Amino acid sequence: MRAQFVLVPFATLAIVSPACATVYLSIAQAQKLMFPDATLTPDFRELTREQVSAIEEASGVNVRNRKVQIWRVSTGGWFIADEVVGKHEFIPFALGLDAGGAVKAVEILEYRESYGSQIRNQGWRDQFTGKRHGAKLTLTKDIQNISGATLSSRHITDGVKRLLATYAILVAQD
């Protein structure tokens, strides 16, 4: 008896984890949440090379985008929309500042990573309230880390630090 072989083409299987994109707030919704009785006026700006260098030196964080999405608040204060990289994906967030430049609120607008969405917890975000440019903002020392969300925690912390420096250099000096 003679053996016969049959070749069966192998299918390539790829196992991909599903994207976990969640939109929590639009920019307009975050503005209303942070400044409910105010009118916000866009005051978008583009950073010069000198401003980028000054912000990076003051914050210790790289400036990824020279365009600053900032709004002036009619009741006093500022609203800034920005994004940081989580582990793999961008995390859009918003920062509300009072008239003196202190953090009023931080809102996570969207989260696309599989893990780490705990950075949206109010208690974690409240750690930034009242912080100003120059305040200590070191993860695990001044800002509590979230286990399982270390990169997201670090990058949001760095983003807040960078935006506080941006405010101090770009807006407070006007």
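Just so it is clear, the structure is predicted and the values come from calculations on it, not from any experiment.
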Inset, instruction - Would you please test N145 and T150 for side chain to side chain donor-acceptor pair (under 3.5 Å) and show each step? - result: CA-CA 6 Å; N145 184 39; T150 300; 3.2 Å; yes

Inset, instruction - Hey, could you give me the OG1/CH2 distance between T41 and W71, rounded to the nearest 0.5 Å? - result: 11.5 Å

Legend entry - Transitive ILVMFWY side-chain link L151 to L109, under 4.5 Å: no

Inset, instruction - Report yes if some heavy atom in the side chain of T166 is under 4.5 Å from a heavy atom in the side chain of I80; otherwise report no. - result: no

Legend entry - Heavy-atom pair with the smallest gap, counting every atom of A149 and G116: CB-CA, 3.4 Å

Inset, instruction - List the steps, then state whether side-chain contact (heavy atoms from CB on, under 4.5 Å) holds for I143 with I156. - result: CA-CA 11 Å; I143 302 295; I156 289 292; over 6 Å; no

Inset, instruction - Return yes if some donor-acceptor pair links the side-chain N/O of Q127 with the main-chain N/O of W124 below 3.5 Å, else return no. - result: yes

Legend entry - Considering all heavy atoms, the nearest A58-H133 contact: CB-CE1, 3.7 Å

Legend entry - Test side-chain contact (heavy atoms from CB on, under 4.5 Å) applied to D98 and V73, step by step: CA-CA 9 Å; D98 66 18; V73 179; over 6 Å; no

Legend entry - Donor-acceptor under 3.5 Å (R112 side chain, G86 main chain): no

Legend entry - Any side-chain heavy-atom pair of R125 and Q122 under 4.5 Å: yes

Inset, instruction - Kindly indicate whether the side chain of F90, heavy atoms from C-beta on, has any atom under 4.5 Å from the side chain of R64. - result: yes

Inset, instruction - Using modelled atom types only, decide if a donor and an acceptor are shared between the side chain of T129 and the backbone of D126 within a distance under 3.5 Å. - result: yes

Inset, instruction - Tell me, please, whether Y111 has R120 positioned over its six-membered ring: NZ or CZ under 6.0 Å from the ring centre and within 45 degrees of its axis? - result: no

Inset, instruction - For E110 and A21, indicate whether the former's side chain and the latter's backbone hold a donor-acceptor pair under 3.5 Å. - result: no

Legend entry - Smallest separation among heavy atoms of S117 and Y24, with atom names: CB-OH, 3.9 Å

Legend entry - Heavy-atom neighbours of R45 CZ exceed 12 at 6.0 Å: yes

Legend entry - Point-to-point distance, once rounded to the nearest 0.5 Å, from NE2 of H88 to OG of S114: 8.0 Å

Legend entry - Single-linkage hydrophobic cluster F93~I119, side-chain heavy atoms < 4.5 angstrom: yes

Inset, instruction - Step by step, work out the side-chain contact (heavy atoms from CB on, under 4.5 Å) result for R66 and R49. - result: CA-CA 9 Å; R66 291 177 50 183; R49 278 190 218 117; 4.2 Å; yes

Legend entry - Min side-chain heavy-atom separation F35-S74 under 4.5 Å: no

Inset, instruction - Measure the spacing between CG of L33 and CG of L25 and express it to the nearest 0.5 Å. - result: 6.5 Å

Inset, instruction - Measure the shortest side-chain to side-chain distance between I91 and V85 over non-hydrogen atoms and say whether it is less than 4.5 angstrom. - result: no

Legend entry - In one Ile/Leu/Val/Met/Phe/Trp/Tyr side-chain cluster, 4.5 Å: L163, L47: yes

Inset, instruction - Output yes when a side-chain donor or acceptor of Q51 lies under 3.5 Å from a complementary backbone atom of L170, and no otherwise. - result: no

Inset, instruction - Give a yes or no answer on whether the side chain of N121 reaches the backbone of G123 with a donor-acceptor pair at less than 3.5 Å. - result: no

Legend entry - salt_bridge(D82, R162) N-O dist < 4.0 Å: yes

Inset, instruction - Using a 4.5 Å cut-off on heavy atoms from C-beta on, say whether the side chain of L139 contacts that of D158. - result: no

Inset, instruction - Decide if atom CD of E57 counts as having more than 12 heavy atoms of other residues, nucleotides or ligands within a radius under 6.0 Å. - result: no

Inset, instruction - Taking the side chain as every heavy atom from C-beta outward, state whether F128 and T157 have any atom pair closer than 4.5 Å. - result: yes

Inset, instruction - Look only at the side chain of Q118 and the backbone of I146, and say whether a donor-acceptor pair between them is shorter than 3.5 Å. - result: no

Legend entry - Side chain to side chain, M34 and E107, heavy atoms closer than 4.5 Å: yes

Inset, instruction - State yes or no: do V52 and Y167 share one hydrophobic cluster built from I, L, V, M, F, W and Y residues joined by side-chain heavy-atom distances below 4.5 Å, directly or via other members? - result: yes

Inset, instruction - Kindly indicate, with the supporting measurements, whether the criterion side-chain contact (heavy atoms from CB on, under 4.5 Å) is fulfilled by K131 and L137. - result: CA-CA 8 Å; K131 301 287 188 186; L137 287 174; 4.0 Å; yes

Legend entry - Nearest-0.5 Å distance that lies between atom CD1 in I169 and atom CD in E50: 12.0 Å

Inset, instruction - Answer with yes or no whether the hydrophobic clustering places V61 together with L95; edges join I, L, V, M, F, W, Y residues whose side-chain heavy atoms lie under 4.5 Å apart. - result: no

